[in-house]
Protein chains: 2
Amino acid sequence: MPSQTTSTSGAAANGTSANGAAKRGRPGYDQQSVLRIAVDVFNRHGYDATSMGILADNLGISKSAIYHHVPSKGDLLKLALDHALGGLESILEQPEATSGAADARLEFVLRRTVAVLVERLPFVTLLLRLRGNTEIERDALERRRTFDHKVAALISAARDEGSLRQDIDPRTVTRLLFGMINSIVEWYKPGGSLSPQRLADDVITMAFDGLHGHASPTA
Amino acid sequence: MPSQTTSTSGAAANGTSANGAAKRGRPGYDQQSVLRIAVDVFNRHGYDATSMGILADNLGISKSAIYHHVPSKGDLLKLALDHALGGLESILEQPEATSGAADARLEFVLRRTVAVLVERLPFVTLLLRLRGNTEIERDALERRRTFDHKVAALISAARDEGSLRQDIDPRTVTRLLFGMINSIVEWYKPGGSLSPQRLADDVITMAFDGLHGHASPTA
DNA sequence: TAGTTTCTCATGAACGGTCGGTCGGCCCGG
DNA sequence: CCGGGCCGACCGACCGTTCATGAGAAACTA
């Protein structure tokens with residue numbers, strides 16, 4: 001039995017899977033449950049500062065057992081980042097994001113972005129803290145940059161439409177807007193009194209109407 | 001001669017110090033110049049992912065030479081964080097932050113915060129990315145939290161005064177506002193076309209009047 | 001039903017390598 | 001010749017990863 005330094009951890013993974021089909025073999029973790037916990041630990045200590053030993057302690061299994069579920073530490077990261085990026089990228093593929101007034105498309109994308117941040121909170125958190133030290137990280141950063149650029153284009157379109165103020169450089173607007181939204185991963189706690197729906201409302205209100213809050217003559 | 005992997009680095013530090021007083025001994029780095037470069041490297045790779053070897057390469061000197069200027073890697077971090085936190089904390093001590101209408105005090109603090117972020121950009125960047133893995137980091141995070149709470153109190157006061165909208169929880173407002181401002185360290189490049197003054201204006205405009213931008217009837 | 005097989009999950013020792021840090025001594029300008 | 005600046009060799013600890021093997025529950029056989 002490993003040292004079990006901190007954390008609530010414990011095995012408590014397998015048993016019967018969601019689809020109800022009984023699994024063969026010795027019960028324990030599967031890849032998904034390892035990934036979920038790993039991402040949490042990565043977020044608590046930072047990816048680089050998390051050793052496989054610390055991770056093993058948090059899982060309640062030995063270091064080497066981790067390698068039964070995933071080929072390497074990097075693959076663990078890759079799986080997590082794919083999940084985060086997949087969620088974001090799918091937003092831009094939805095019909096509400098591709099047709100209609102730029103202003104409405106922008107609001108849709110922002111609301112959905114907030115929703116994805118919340119739904120996949122730990123995964124997106126990990127994504128937003130990358131430094132680009134490895135090839136895996138750089139690939140993920142590039143995909144994220146592509147997403148950002150597309151939203152930036154949407155902001156520019158809304159501005160050209162006359163829906164947004166014109167006295168601030170759209171690049172500055174984009175960055176401050178992303179700064180505000182992305183900060184959610186640093187403080188939002190699911191299950192609290194602030195619902196994801198309400199959070200999205202607040203973000204939209206604050207972004208479009210500001211703190212002084214003169215009710216906007218939208219639409 | 002060390003490997004000199006990346007970076008522009010090179011020694012080029014000492015010579016004659018700012019006060020003009022000639023220094024004795026062999027010319028080279030002093031603690032300040034080591035610190036400046038170290039903070040840059042920490043920000044590029046992340047503090048944990050930066051080994052003393054990598055740091056030495058970037059400085060153009062050997063690993064052991066670093067220990068002539070600073071007792072440990074942790075001290076390097078501590079020096080940097082003190083500089084960042086000192087800048088922020090001094091804002092709240094100035095008279096414009098302690099007396100007058102809460103609304104005006106808030107705007108002053110926000111503008112000064114933006115200014116400090118820019119003036120001490122790499123140092124504050126390092127601060128804002130901490131994970132709290134060591135005692136040093138946890139102490140710094142605590143000081144930062146104290147600063148945040150004081151600004152949060154200012155926001156609440158301005159709200160009670162009637163200067164700010166009341167339909168969003170002030171804690172949410174505080175966090176989104178900090179998210180927006182703190183994001184500056186992730187993208188702002190000094191020396192570009194966007195001056196610190198203009199940046200502060202844009203932040204204030206966007207925070208108080210929003211993207212739709214109906215000219216505010218301030219004062 | 002009992003025994004056996006099969007499959008998955010797990011273990012602990014050990015690997016080459018890198019980590020932060022130490023030590024004793026050389027270099028060199030004032 | 002003093003003193004700040006620097007070096008190369010080295011240390012114990014820990015890193016991510018591998019390997020040969022054990023444990024335990026479901027599935028198959030008799």
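What you see below is based on every heavy atom in this structure, not just the backbone, and it leaves out hydrogens, waters and symmetry mates. Protein chains get the first letters and strands the later ones, always in sequence-line order, with residue 1 at the start of each.
Rounded to whole Å, the distance from NE2 on A:His68 to C1' on D:dA23 is 13 Å. Taking atom CD of A:Gln31 as the reference point, atom C1' of C:dA10 lies 17 Å away to the nearest angstrom. Rounding to whole angstrom units, CD1 of residue A:Ile61 and P of C:dT8 are separated by 16 Å. Spacing between atom CG of A:Leu59 and atom P of C:dC9 amounts to 13 Å, rounded to whole angstrom units. Rounded to whole angstrom, the span from the CD1 atom of B:Ile66 across to the C1' atom of D:dG4 amounts to 17 Å. Rounded to whole angstrom, the span from the CG atom of B:Asp75 across to the P atom of C:dT22 amounts to 11 Å.
Each salt bridge (charged side-chain N to carboxylate O under 4.0 Å, His left out) pair with one or both residues in residues 78-97 of chain B, not counting sequence neighbours, appears once here: B:Asp82-B:Arg143, B:Glu89-B:Arg143.
In this structure B:Asp40 satisfies the salt bridge (charged side-chain N to carboxylate O under 4.0 Å, His left out) test with no other residue, sequence neighbours excluded. With sequence neighbours left out, the salt bridge (charged side-chain N to carboxylate O under 4.0 Å, His left out) criterion links A:Asp201 to A:Arg111. Annotation: salt bridge (charged side-chain N to carboxylate O under 4.0 Å, His left out) contacts of B:Asp169 (sequence neighbours excluded): B:Arg171. For A:Arg112, the side-chain contact (heavy atoms from CB on, under 4.5 Å) partners at least two apart in sequence or on another chain are A:Ile91, A:Gln94, A:Phe108, A:Ala115, A:Val116, A:Glu119. The side-chain contact (heavy atoms from CB on, under 4.5 Å) check on B:Arg138 picks up B:Glu135, with sequence neighbours excluded. Residues satisfying the salt bridge (charged side-chain N to carboxylate O under 4.0 Å, His left out) test with B:Asp139, not counting sequence neighbours, are none.
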Grab the N/O contacts between the protein and nucleotides 15-19 of chain D below 3.5 Å, and write none if there aren't any.
unit_1, atom_1, unit_2, atom_2, d
D:dC15, OP1, A:Ser51, OG, 3.3
D:dG16, OP1, A:Thr50, O, 3.4
D:dG16, OP1, A:Lys73, NZ, 3.1
D:dG16, OP2, A:Met52, N, 2.5
D:dG16, N7, A:Lys63, NZ, 3.3
D:dT17, OP2, A:Tyr67, OH, 2.7
D:dT17, OP2, A:Lys73, N, 2.9
D:dT17, O5', A:Tyr67, OH, 3.3
D:dT17, O4, A:Lys63, NZ, 3.1

Atom pairs under 3.5 Å, N or O on each side, protein against nucleotides 20-22 of chain D: can you list them with distances?
unit_1, atom_1, unit_2, atom_2, d
D:dG22, N2, A:Arg26, NH1, 2.5

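Between A:Arg129 and A:Glu186 there is a salt bridge, since a side-chain N of the basic residue sits under 4.0 Å from a carboxylate O of the acidic one.
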